[in-house]
Chemist: 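Take this structure, written in structure tokens, and hold onto it; I'll ask about it next.
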Amino acid sequence: MPVGFYFDMTRCTGCRACQVACKDKNRLDVGTVFRYAKTYSVGKFPKVTAYSYSASCNHCAMPACLAACPTAAIYKAEDGTVIIDQDVCIGDASCTKACPYLIPKLLPSGKAGKCDGCYAIRDAGGTPACVAGCPNRALDFGDTEALKKKYGTGTVSELPILPSAATTTPALLIKAKPAASDDGYTELNW
Amino acid sequence: MDKLDAGKPALGFSRRRFLATSMAVAASAAALSSFGCSPQASVAPQKEVEHTLPTNEEADGAWVAAACWHNCGGRCVNKVMVKDGVVIRQKTDDSHEDTPDYPQQRGCVRGKAQQQQCFGADRLMHPLKRKGWKPGGGAASNGQLRGKDEWEVISWDEAIKLACDEIKRISDELGPTGFYCKSPNAAINLMCGCVRGWDTTSHGTYTLGSTMIGLPSNDLGNANDRFDMQNAEYIVMWASNPSWSTAGTPTYYYIQAREAGAKFICIDPLYHASAQMLDADWIPVRNGTDMAFMLATAYEMMRLDESEGGIVDWDFLNTYTVGFDADHMPADAKLAENLKDYILGVYDSTPKTPQWAEPICGVPAEQVTEFARILGKKNKVMILHNYGLVRCNGSEMIPQMLMALGAMGGHMGKSGHACGSAYHANAGNAGPNLVSAGSATMPKTSNPITTGCRQPQLYEVIVNGGGSFNDVSNAYASFHEPIPTTLGPIKGIFHMTDATLQTSLAQKVGIEAHRKVDFVLTCAQFMTTNALYSDIVLPVTTQWEVPGGVTTCNREFVYCYSQVSKPIGESKTDQEIGTLLLEGMGIDPSLAYNTTEAQQFFEQIAGSKVMGSDGKMAPLVTITEADIAAMGVTGAAQTGIIDMKEFVENGGYQFKRTPGDGLGFIGYEDFVKDPAANPLKSKSGKLEIYCQARYDLMASYEFPGIAAYKPYPTYVVPCVGYESTFKDGKIGSAKGTYPYIMYNPHYLRRSHSVFDNCPWLRETWENPVFLSRKDADDKGIADGDTVLITTPAGRGLRRAAVLDILMPGVVGVPHGAWVDVDDSTGIDRAGSDNYLIGTEYGGMGVSGYNNQICNIEKYAALALEPDSEWPQRIISA
């Protein structure tokens with residue numbers, strides 16, 4: 001099975017350590033994020049609850065970014081990691097529009113970039129920066145079959161805050177909180 | 001390093017090997033089109049392209065354990081790789097396998113941006129002088145230009161000469177009382193001395209006499225250890241949001257307790273990040289009114305105990321406390337009153353029922369009853385506070401009342417039960433150190449005077465050219481009998497190691513005070529608030545540029561950090577600056593610093609200790625003669641349990657704990673087992689719910705409003721608080737000019753004021769004002785609108801975050817933003833919390849950060865851009 005992220009929502013506080021760990025690893029200036037964490041509330045005061053979600057590339061089985069790229073700059077590594085080849089990318093931004101998760105970003109260099117699952121770090125035996133940097137151990141990355149075995153079957157690949165998984169078949173396993181299945185969410189702008 | 005570019009894109013992606021992918025592209029496109037859900041699939045390219053896989057930029061670099069030294073509530077591992085003067089990447093702890101029992105010491109969002117602090121484009125590279133300032137005092141100083149003036153670069157020689165000439169001049173005229181410094185260092189002590197300011201900052205009213213009532217000093221250390229947290233059935237987070245206030249490892253302990261079955265309760269005006277993640281039940285309490293809620297909870301506990309039984313632990317109260325009822329009064333009580341009879345309304349004909357409390361604290365009566373039942377003696381409950389409720393005006397007796405609630409349920413001294421703080425890096429993991437950092441031997445210096453004044457009142461003394469007050473403290477949490485004191489003019493201000501003008505209340509008066517004096521000298525890394533209102537700014541290194549250091553992080557971990565970089569620009573270490581100043585004054589610098597910084601680092605390593613199997617602390621690090629020679633220091637070889645090389649390369653040492661290892665900790669366990677043999681530090685040796693000593697000390701200060709207090713907990717109307725939001729000060733009447741309660745939550749962009757200038761963090765955490773949905777709707781304010789926050793003390797701007805998770809009537813202004821006053825309007829664009837707080841005080845003089853009053857309105861004159869789009873405060877001089 002291809003590689004992907006596991007996200008344990010029950011442990012995420014929306015602290016955005018993953019977001020900055022990703023910016024650090026990818027040397028991203030202000031204005032570009034490859035991973036972000038957001039918090040959503042459900043309900044009204046005082047009957048209210050909230051949850052957080054950390055989002056990045058889902059290394060989809062059917063990546064819309066890859067399909068949309070006119071220069072074939074986006075490819076799948078053997079393990080399923082979806083990667084944008086900077087040498088081939090011409091920066092026409094097709095991928096940034098095609099991805100239903102809005103993950104690829106046009107960089108100041110004029111080319112597109114996104115999470116490559118810290119391919120080079122993993123290849124050297126390491127762990128993706130966001131996973132290794134999460135203080136609450138809410139993220140994991142690896143072969144999705146192995147992740148399913150490790151974390152059990154109670155995971156989902158889509159939520160009301162996300163597009164339908166049927167579009168691109170994301171390699172994404174979410175241990176979701178009940179509140180996250182509520183359509184009436186409000187993004188916290190704190 | 002000349003060019004600082006931390007956070008800028010690096011060189012790009014390197015080549016490594018080629019991979020043919022045309023088939024992969026075609027296959028994916030075919031798969032997409034077969035599902036018929038991607039129009040792009042039909043035009044997907046089929047051409048032959050060869051790709052490079054990403055290569056590891058870190059392959060031939062070395063990781064250095066880098067300092068992360070802030071007053072953040074963490075103390076985590078932070079490693080950095082620097083190549084050719086540019087940060088390649090940071091990472092946190094990966095020195096051992098990560099398990100829940102033996103967790104890596106992972107850092108937080110701020111630590112990951114540490115490179116943008118140390119190598120920031122806004123680092124001060126050279127000594128600076130304010131252009132309009134001239135030595136000699138009086139009109140020459142052009143004090144009114146502080147904060148508005150331009151800067152010029154000067155040499156170190158000139159900076160030191162100008163500073164020393166001014167210090168000598170003021171010292172000759174006025175002596176030590178001619179100067180003010182919140183936190184003097186050895187150089188200030190030896191050069192001139194100073195008046196100190198005091199502030200109850202973090203620990204609020206616990207800074208006054210915690211030991212007098214039987215608690216540990218500042219109520220630090222008497223909760224239980226992390227494994228015992230998992231034995232609790234209920235964990236109460238009272239004004240405690242560990243995810244934001246103690247970021248790093250502590251939240252992981254809370255997660256483990258939840259996964260072990262603990263149910264969480266959040267008592268806070270905000271349903272905060274920790275409560276959200278832990279699915280806590282929320283009891284929204286209006287800021288500064290916790291006492292009303294607590295008294296009603298105690299009333300309900302007694303009522304339920306009478307009607308249902310099994311709630312109040314009378315044996316615990318009778319054995320371990322004094323002052324709860326008339327039969328158990330302390331021997332020194334001067335007033336024949338007690339908490340129980342006050343709650344029942346014996347003295348004022350007002351029983352402190354939930355119905356009495358609700359208009360004050362906002363908690364529905366049935367929720368009080370529910371909470372009272374949870375606190376009952378049959379449940380295993382941990383009451384863990386993080387001081388937010390005692391950083392309020394009128395919160396003087398909260399420490400005694402929180403303790404009383406814990407005692408009523410018998411929640412102390414037993415596994416699964418606790419009543420204490422969850423503070424800083426020890427949150428969720430109390431207990432004696434299993435490892436500890438060594439300290440370097442430094443010469444002792446002392447301030448020639450001991451005069452201290454409450455911080456905003458000291459500002460007023462400076463503005464007024466002198467004044468009279470009761471000196472009750474000159475050091476943190478160290479109060480004494482009042483000393484009536486009169487000061488003449490203060491003409492010099494130093495900021496050597498503090499961020500006081502930003503982090504202390506009444507900032508606007510503080511700015512006036514800074515503009516009043518002849519000379520302000522600041523050591524700074526950036527154009528901080530302190531620096532902005534100074535005359536000479538000396539560039540000081542960060543901890544990434546010193547030889548290294550060892551710090552105790554928590555009971556299981558000591559961190560050892562090493563030098564990452566040579567000093568940036570012309571910056572110098574604190575010791576180098578102190579040495580130059582002392583030499584400039586003709587004082588022997590060895591009186592302050594008699595060893596090198598490398599020697600001090602060595603002594604910290606050599607003095608580090610670890611608990612042995614015999615329960616005694618023994619040397620941690622094995623040091624050889626070769627190690628000593630290599631460091632170029634003096635010392636003796638010693639045997640520990642980790643080699644020095646490994647200790648330094650690992651970034652310290654983590655004690656490996658396991659459940660049932662016998663090293664757990666239960667607060668008050670000895671006292672509860674045998675109170676006669678293990679008395680507390682209070683006069684009675686017990687928990688003093690009625691405490692004559694603490695009350696007498698507080699009353700002796702003769703601060704405003706003291707007559708309302710008793711030696712036991714009562715509800716007191718604060719000098720500024722919820723009542724002040726009403727026109728006539730009466731709850732339920734018409735609202736006044738400032739109808740909202742304002743508080744200052746800790747915020748993940750910063751550690752107090754530190755990191756507020758880091759671009760990544762400004763982008764990641766926007767720093768809005770927190771508004772409740774109801775209040776925003778009432779005022780026609782939407783998410784992102786610019787809001788004018790007006791208080792009796794000042795005006796500030798912030799973009800709005802409209803929240804369903806905030807109690808209506810409460811406005812949250814995140815703590816620590818660097819003030820940025822528009823001189824044409826007097827409005828602060830940055831939303832500095834302390835710019836909005838005035839000088840009012842009462843009781844013991846607590847700093848009331850969390851129950852100020854304000855008004856909010858949509859601000860039409862200006863649409864504030866996100867902070868991350870503002871230019872950095874870079875001095876181009």
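The chains referred to below are lettered A, B, ... by the order of the sequence lines, with proteins before strands, and numbering in each begins at 1.
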Chemist: Hey, are the side chains of Lys23(A) and Glu763(B) touching, using non-hydrogen atoms and a 4.5 Å cut-off?
Modeler: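 Lys23(A) vs Glu763(B): side chains touch.
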Chemist: Checking heavy atoms, do the side chain of Leu270(B), its backbone, both or neither come under 4.5 Å from chain A?
Modeler: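 For Leu270(B), the contact with chain A is made by the side chain alone.
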Chemist: Taking 4.0 angstrom as the limit, do Asp24(A) and Arg89(B) come out as a salt bridge?
Modeler: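 Judged by the 4.0 Å cut-off on N to carboxylate O distance, Asp24(A) and Arg89(B) do not form a salt bridge.
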Chemist: Please find the pair of heavy atoms, one from Arg106(B) and one from Cys134(A), that lie closest to each other, and give the distance.
Modeler: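 Heavy atoms of Arg106(B) and Cys134(A) come nearest at NH1-O, 2.9 Å.
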Chemist: With a 4.5 angstrom heavy-atom cut-off, could you sort out which part of Thr10(A) is near chain B: side chain, backbone, both or neither?
Modeler: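 For Thr10(A), the contact with chain B is made by backbone and side chain together.
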Chemist: Select one option (side chain, backbone, both, neither) describing which atoms of Ser243(B) are under 4.5 Å from chain A's heavy atoms.
Modeler: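 Contact with chain A: side chain only.
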Chemist: Relative to chain B, which segment of Thr186(A) carries a heavy atom at a distance below 4.5 Å: side chain, backbone, both, or neither?
Modeler: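 Side chain only.
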Chemist: Between Ile805(B) and chain A, which part of the residue has a heavy atom less than 4.5 Å away: side chain, backbone, both or neither?
Modeler: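 Ile805(B) touches chain A through backbone and side-chain heavy atoms alike.
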Chemist: With sequence neighbours left out, what residues match Tyr747(B) under ring pair (Phe, Tyr, Trp, His ring centres under 6.0 Å)?
Modeler: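 With neighbours one apart ignored, the set is Trp244(B), Trp765(B).
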Chemist: Under 4.5 Å between any side-chain heavy atoms of Gln276(B) and Thr39(A), yes or no?
Modeler: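 Yes, their side chains come closer than 4.5 Å.
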Chemist: Heavy-atom cut-off 4.5 Å, strictly under: side chain, backbone, both or neither for Asp94(B) against chain A?
Modeler: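 No part of it gets close to chain A.
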Chemist: Of all heavy-atom pairs between Cys108(B) and Ala17(A), which one has the smallest distance, and what is that distance?
Modeler: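 That closest heavy-atom pairing would be C-CB, 4.2 Å.
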Chemist: Got Phe45(A) and Pro284(B) here, is their nearest side-chain heavy-atom distance under 4.5 Å?
Modeler: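 Counting from C-beta outward, Phe45(A) and Pro284(B) do come under 4.5 Å.
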Chemist: Under a 4.5 Å cutoff for heavy-atom pairs, which residue among Gly126(A), Gly113(A), Ala73(A), Pro100(A) has the most contacts with chain B?
Modeler: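 Looking at each of Gly126(A), Gly113(A), Ala73(A), Pro100(A) in turn, Ala73(A) comes out on top.
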Chemist: Between Trp760(B) (side chain) and Leu28(A) (backbone), is there a donor-acceptor pair under 3.5 Å?
Modeler: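 Pair found, side chain donor or acceptor close to backbone of Leu28(A).
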Chemist: Take the angle between the ring planes of Phe770(B) and Trp190(A) and call it parallel below 30°, perpendicular above 60°, tilted in between.
Modeler: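 Ring orientation of Phe770(B) relative to Trp190(A): tilted.
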Chemist: In terms of heavy-atom proximity below 4.5 Å to chain B, should Val88(A) be classed as side chain, backbone, both, or neither?
Modeler: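 Only the side chain of Val88(A) comes within 4.5 Å of chain B.
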Chemist: Given heavy-atom pairs under 4.5 angstrom as the criterion, report whether the side chain, backbone, both or neither of Val42(A) touches chain B.
Modeler: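 Contact with chain B is absent: no heavy atom of Val42(A) under 4.5 Å.
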Chemist: Which answer fits Ala138(A), side chain, backbone, both or neither, if we ask what part of it has an atom under 4.5 Å from a heavy atom of chain B?
Modeler: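 It is neither, since no heavy atom gets under 4.5 Å.
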Chemist: Indicate yes or no: at least one non-hydrogen side-chain atom of Ile83(A) is less than 4.5 angstrom from one of Leu53(B).
Modeler: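 Ile83(A) reaches Leu53(B) side chain to side chain.
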Chemist: Quick one: what part of Pro103(B) sits under 4.5 Å from any heavy atom of chain A, side chain, backbone, both or neither?
Modeler: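 Pro103(B) touches chain A through backbone and side-chain heavy atoms alike.
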Chemist: Let me know if Thr81(A) has heavy atoms under 4.5 Å from chain B in its side chain, its backbone, both or neither.
Modeler: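 Nothing of Thr81(A), per the 4.5 Å heavy-atom cut-off to chain B.
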Chemist: Would you mind checking which part of Lys177(A) comes under 4.5 Å of any heavy atom in chain B, side chain (CB onward), backbone (N, CA, C, O), both or neither?
Modeler: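 The answer is the side chain of Lys177(A).
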Chemist: Counting only heavy atoms closer than 4.5 Å, note whether Gln104(B) contacts chain A via side chain, backbone, both or neither.
Modeler: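 Gln104(B) touches chain A through backbone and side-chain heavy atoms alike.
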Chemist: Non-hydrogen atoms of chain A under 4.5 Å away: do they reach the side chain of Pro759(B), the backbone, both or neither?
Modeler: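 Both parts, heavy atoms under 4.5 Å.
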Chemist: For Ala132(A), is it the side chain, the backbone, both, or neither that has a heavy atom closer than 4.5 Å to a heavy atom of chain B?
Modeler: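 Interface part for Ala132(A): backbone (N, CA, C, O).
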Chemist: Heavy-atom cut-off 4.5 Å, strictly under: side chain, backbone, both or neither for Cys15(A) against chain B?
Modeler: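 Cys15(A) touches chain B through backbone and side-chain heavy atoms alike.
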Chemist: Would you mind checking which part of Ala800(B) comes under 4.5 Å of any heavy atom in chain A, side chain (CB onward), backbone (N, CA, C, O), both or neither?
Modeler: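 Backbone only.
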Chemist: Pick whichever of Ala124(A), Ala179(A), Ala120(A) has the most heavy-atom pairs under 4.5 Å with chain B.
Modeler: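 It is Ala120(A).
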Chemist: Given side chains that start at C-beta, do those of Asn136(A) and Ile255(B) come closer than 4.5 Å, heavy atoms only?
Modeler: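 Of all side-chain heavy-atom pairs linking Ile255(B) with Asn136(A), at least one is under 4.5 Å.
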Chemist: Look only at the side chain of Tyr36(A) and the backbone of Thr764(B), and say whether a donor-acceptor pair between them is shorter than 3.5 Å.
Modeler: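 It does not hold such a pair.
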Chemist: Does any backbone or side-chain atom of Arg799(B) lie under 4.5 Å from a heavy atom of chain A? Answer side chain, backbone, both or neither.
Modeler: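 Neither part; nothing is under 4.5 Å.
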Chemist: Which of the residues Lys47(A), Lys44(A), Lys111(A) is involved in the greatest number of heavy-atom pairs with chain B at under 4.5 angstrom?
Modeler: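 Of the candidates given, the most pairs with chain B belong to Lys44(A).
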Chemist: Checking heavy atoms, do the side chain of Thr92(B), its backbone, both or neither come under 4.5 Å from chain A?
Modeler: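 Contact with chain A is through the side chain of Thr92(B) alone.
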